[in-house]
Chemist: 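Quick one: the structure is below, and I'll ask about it shortly.
Residue numbers start at 1 and run along the sequence shown.
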Amino acid sequence: MTNANVRSQGSTAAAAPAAAPAAAHSAPVAGRIRAATAPASAGSPAGILLVLAGTVSVQFGSAVAALLFPRAGALGVVTLRVALAAVLLLVSCRPRLRGRSRTDWAVAVAFGLALGGMNTFFYQAIDRIPLGPAVTLEVLGPLLLSVVTARRAASWVWAALALAGVFLLGQGGFDQLSPAGTGYALAAGGMWAAYIICSSRAGARFPRLDGLAVAMAVAALVTLPLGISSAGTTLLEPEVLGLGLAVALLSSGVPYALELLALRRLPAGTFAVLMCLAPAVAALAGFLVLGQTLSALQCLAIALVVAASTGAVRTGGAGKG
């Protein structure tokens, strides 16, 4: 796996937040998120770059996955993505499983269920509706999280601006969406919010990327029966496996590792608003990989989302306080 250096960085990054859950264990959910992830500086440049790199990787990976749907189907691609990413992470991280409390295992399993659900719902969505609108709907989950964890008036303003940009980006596409595709995208957004919460807690409880590796294995166990029943032996074809490996690296292994490290450097609210860049990156990936064009209205929406994300970081982000 290409993130061998990420593992070494993760070992040092885990040291500071590892003690946070003890003090914040009895706090409300939003408080635990902030305690587990709040860094010394709310606008950590390293954290911001990690989020941006992860967003680019996952959206271009989704575009590549859409090209594979005719061969393996949406459920088959989900299985390839999650199972291969789980193998790569388990081999590269070699997580320590002994000495874990029941709470640690509960967090890891919840993290895995969030990962599996988010991937399955999202791929079902982009199998029915275009990539840009699907991500536009999905990002409502992190946006809602940023509002819930906001403790400054400016954070609510930036979240509202990002929400306006998200809806504007979907103009010209929402009228063509199927009800099932819309529902799957919204469900993926809810699981994305759950992923942010679970990821922050797993990052605080597990060293390095151990929590991510265990969670990905749980997600693989959940999605494997669905993929096998849907695609069968097609999953074993060399070309399908090769593209599946590329999707696994771009859409799971690399971005999830980067986001887990980012959550140790940024408040959850700032992270959630930064994730609003996803529709803009998805639109770019759709244009470059799938040939989807951008309208002037969509370009304006991208500018609004970028402005909202920048403003959230400059004001310290939601969730710090």
Side-chain angles (χ1 to χ4, degrees), residues 1-4 6-11 13-14 18 21 36 54 57-58 61-62 65 72 74-124 188 191-192 194-231 235-236 240-241 243-264:
M1 188 173 182
T2 58
N3 62 337
V6 175
R7 284 191 294 132
S8 62
Q9 295 171 5
S11 61
S57 181
V58 73
S62 296
L75 291 176
V77 176
V78 168
T79 294
L80 285 174
R81 167 180 170 173
V82 176
L84 291 174
V87 171
L88 291 171
L89 282 170
L90 289 172
V91 170
S92 61
C93 296
R94 288 173 292 180
R96 295 180 61 183
L97 304 180
R98 294 182 179 179
R100 292 292 167 195
S101 67
R102 291 184 179 180
T103 303
D104 291 341
W105 285 112
V107 169
V109 170
F111 190 12
L113 293 176
L115 282 169
M118 179 176 64
N119 288 324
T120 301
F121 288 139
F122 179 68
Y123 276 29
Q124 288 294 319
M191 297 304 293
W192 193 354
Y195 157 75
I196 294 174
I197 297 172
C198 294
S199 180
S200 66
R201 297 184 67 184
R205 288 185 172 273
F206 289 83
R208 304 176 300 162
L209 302 178
D210 287 13
L212 175 62
V214 174
M216 193 67 74
V218 172
L221 292 176
V222 171
T223 59
L224 192 60
L226 299 175
I228 293 176
S229 63
S230 174
L235 299 177
L236 300 178
V240 172
L241 279 174
L243 287 174
L245 179 60
V247 171
L249 288 172
L250 289 172
S251 296
S252 292
V254 172
Y256 292 157
L258 295 178
E259 289 167 11
L260 186 65
L261 296 177
L263 279 164
R264 291 167 173 160

Chemist: Can any side-chain N or O of Thr120 pair as donor or acceptor with the backbone N or O of Gly117 at less than 3.5 Å?
Modeler: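 Not confirmed, Thr120 side chain does not pair with Gly117 backbone.
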Chemist: Among all residues two or more places apart in sequence or in another chain, which pass the side-chain contact (heavy atoms from CB on, under 4.5 Å) test with Thr79?
Modeler: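 Partners of Thr79 by the side-chain contact (heavy atoms from CB on, under 4.5 Å) criterion, ordered by chain and then number, come out as Thr223, Leu224, Leu235.
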Chemist: For Ala231 and Gly76, which heavy atoms make the closest approach, and how far apart are they?
Modeler: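 So the two residues come closest at CB-CA, 4.1 Å.
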Chemist: Taking the side chain as C-beta and beyond, is there a heavy-atom pair between Tyr123 and Val247 under 4.5 Å?
Modeler: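 They are in contact (side-chain heavy atoms under 4.5 Å apart), so the answer is yes.
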Chemist: Hey, could you give me each pair passing side-chain hydrogen bond (donor to acceptor under 3.5 Å, both in side chains) that has a residue in residues 104-116? Not counting sequence neighbours.
Modeler: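 Qualifying pairs: Ser101-Asp104, Asp104-Arg205.
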Chemist: With side chains defined as the heavy atoms from C-beta onward, is the minimum distance between Pro95 and Leu90 less than 4.5 Å?
Modeler: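 Yes; the side chains approach each other to less than 4.5 Å.
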Chemist: Does some side-chain heavy atom of Leu241 sit less than 4.5 Å from a side-chain heavy atom of Leu80?
Modeler: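 They are in contact (side-chain heavy atoms under 4.5 Å apart), so the answer is yes.
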Chemist: Any side-chain heavy-atom pair from Leu261 and Arg264 closer than 4.5 angstrom?
Modeler: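 Leu261 vs Arg264: side chains touch.
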Chemist: Taking all heavy atoms of Gly54 and all of Pro255, pick out the closest pair and write down the distance.
Modeler: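 Here Gly54 and Pro255 meet closest at O-CB, 3.4 Å.
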Chemist: What pairs with Ser230 under side-chain contact (heavy atoms from CB on, under 4.5 Å), at least two apart in sequence or on another chain?
Modeler: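 If we apply the side-chain contact (heavy atoms from CB on, under 4.5 Å) test to Ser230, skipping adjacent residues, the hits are Leu75.
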Chemist: The criterion is side-chain contact (heavy atoms from CB on, under 4.5 Å); which residues satisfy it with Met118, sequence neighbours excluded?
Modeler: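 So Met118 forms a side-chain contact (heavy atoms from CB on, under 4.5 Å) with Leu115, Glu138, Met191, Trp192, Tyr195, Tyr256.
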Chemist: Measuring from Gln124:CD to Asn119:CG, what's the distance to the nearest 0.5 Å?
Modeler: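 It is 11.5 Å, given to the nearest 0.5 Å.
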Chemist: Would Arg100 and Phe206 count as a side-chain contact (heavy atoms from CB on, under 4.5 Å) if you check the C-alpha gap in whole Å, the side-chain angles of each, and the deciding distance to 0.1 Å?
Modeler: CA-CA 9 Å; Arg100 292 292 167 195; Phe206 289 83; 3.7 Å; yes
Chemist: Give the C-alpha distance, both sets of side-chain angles, the deciding distance and a yes or no for side-chain contact (heavy atoms from CB on, under 4.5 Å) between Leu249 and Leu88.
Modeler: CA-CA 9 Å; Leu249 288 172; Leu88 291 171; 3.5 Å; yes
Chemist: Using the test side-chain contact (heavy atoms from CB on, under 4.5 Å), find all partners of Val87 that sit at least two apart in sequence or belong to another chain.
Modeler: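 If we apply the side-chain contact (heavy atoms from CB on, under 4.5 Å) test to Val87, skipping adjacent residues, the hits are Val91.
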Chemist: In Å and rounded to the nearest 0.5 Å, what is the OG to CG distance from Ser251 to Leu84?
Modeler: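 Here the rounded value is 12.0 Å.
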Chemist: Check residues 209-216 and write down every donor-acceptor pair under 3.5 Å in which the side-chain atom is one partner and the other belongs to a residue at least two apart or another chain.
Modeler:
{"unit_1": "Asp210", "atom_1": "OD1", "unit_2": "Arg208", "atom_2": "NH2", "d": "3.2"}
{"unit_1": "Asp210", "atom_1": "OD2", "unit_2": "Arg96", "atom_2": "N", "d": "3.3"}

Chemist: Should Val222 and Leu113 count as side-chain neighbours, where that means a heavy-atom distance under 4.5 Å?
Modeler: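 In short, these two side chains touch, coming nearer than 4.5 Å.
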Chemist: Could you grab the distance from atom CG of Leu263 to atom OG of Ser199, nearest 0.5 Å is fine?
Modeler: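 Atom-to-atom, Leu263:CG and Ser199:OG are 4.5 Å apart.
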